[in-house]
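To keep things clear, I will list the structure first and then write my remarks on it.
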Amino acid sequence: MKRILSLVAIMLMGISCFAQTTNLPKPNMQRQTLSVMETFQQRKSVREYSKEQLSEQDLSDLLWAACGVNRENGNLTAPTAMNRQEIRLYVVCEKGVSLYDPKTHTLTQVAEGDNRGLVAGSQAFAKEAPISLLMVGDFEKFGSTNPHAQAMVAVDAGIVSQNIDIFCAAAGLATVPRATMDVKALQTLLGLNENQVPLLNNPVGYPKK
């Protein structure tokens, strides 16, 4: 009996560690960045990254800019068709994969280990970025999989990716929007079904010196 209880305790400890939720710092609304016009002047695709890890504040601000809550009614920085908010945003890094929750501004780990190679696919440079932001279209949440829905979900994912691009340009980070990745392997890793589809990703890091 004691052995069984010990095994149960170990399993629960493992589940607790695996499902760890991290509270992010509050987004810095007074952050000093480039102006809108300077940001567009600086926006470019960058495929080389420093090995330095993103600071917690930079990651917090980046995720909020991508699709965080910016109004008391729960609406997001990234608009979605009919306000479905069907784009899931994952952070893929050396230690694991975490799902961003805009409502609580938290990250919850959903997979362990370094899976940046699955996001990089055939383009090895993407694995060198300290993080990749993965956009998954949840067609179940959108409520349809017809051709119009597929187009709109793709548009919504593109808006999140563009928010990432603009923030990175304004804040001095490096990124590039991508569609190359191992979709099937990522669906398996993240426990997604056929209607939850990885659509785009952005590797993000500090510029390589």
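Positions are given from 1 along the sequence.
Between the side chain of K103 and the backbone N or O of V69, no donor-acceptor pair lies under 3.5 Å. Of the possible polar contacts, none joining the H105 side chain to the N23 backbone as a donor-acceptor pair under 3.5 Å is found. Counting only distance, with no hydrogens or angles, the side chain of Q32 and the backbone of A171 share no donor-acceptor pair below 3.5 Å. Side chain of D156 to main chain of I87: no donor-acceptor pair is present (N/O by atom type, distance under 3.5 Å, no hydrogens or angles). At distances below 3.5 Å, not a single donor-acceptor pair connects side-chain atoms of S50 with backbone N or O atoms of P207. Side chain of Q42 to backbone of A170: no donor-acceptor contact under 3.5 angstrom is found. Remark: the backbone N or O of V204 is not paired with any side-chain donor or acceptor of N202 at under 3.5 angstrom. A donor-acceptor contact shorter than 3.5 Å is absent between the side chain of R71 and the backbone of N73. Between the side chain of N115 and the main chain of L118, no donor-acceptor pair closer than 3.5 Å is present.
Among residues two or more places apart in sequence or in another chain, the side chain to side chain contact (heavy atoms under 4.5 Å, CB included) test is passed with L192 by R88, Y90, V136, Q187, L190, Q196, P198.
For F40, the CZ atom counts as loosely surrounded, since its 6.0 Å shell holds 12 or fewer non-hydrogen atoms of other residues, nucleotides or ligands. Q41 CD: 12 or fewer foreign heavy atoms inside a 6.0 Å radius. More than 12 heavy atoms of other shown residues, nucleotides or ligands fall within 6.0 angstrom of atom CE in M29. Other residues, nucleotides and ligands place no more than 12 heavy atoms under 6.0 Å from the NZ atom of K51.
Side-chain contact check for M82 versus F142: some heavy-atom pair is nearer than 4.5 Å. Residues P79 and I159 have side chains in contact (heavy-atom distance under 4.5 Å, counting atoms from C-beta outward).
Contact record, G68 with Y100: CA-OH, 3.7 Å, taken as the closest heavy-atom pair. In plain terms, the two heavy atoms of A65 and T77 that are nearest each other are O-OG1, 3.0 Å.
Inspection of the N201 and S132 side chains reveals no N or O donor paired with an N or O acceptor under 3.5 Å.
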**Report entry** side-chain contact (heavy atoms from CB on, under 4.5 Å) evaluation trace for T22 with T106
**Finding:** CA-CA 6 Å; T22 301; T106 58; over 6 Å; no
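Each of Q123, R178, E128, K127 was checked for a side-chain contact (heavy atoms from CB on, under 4.5 Å) with P203, and the lone residue meeting it is R178.
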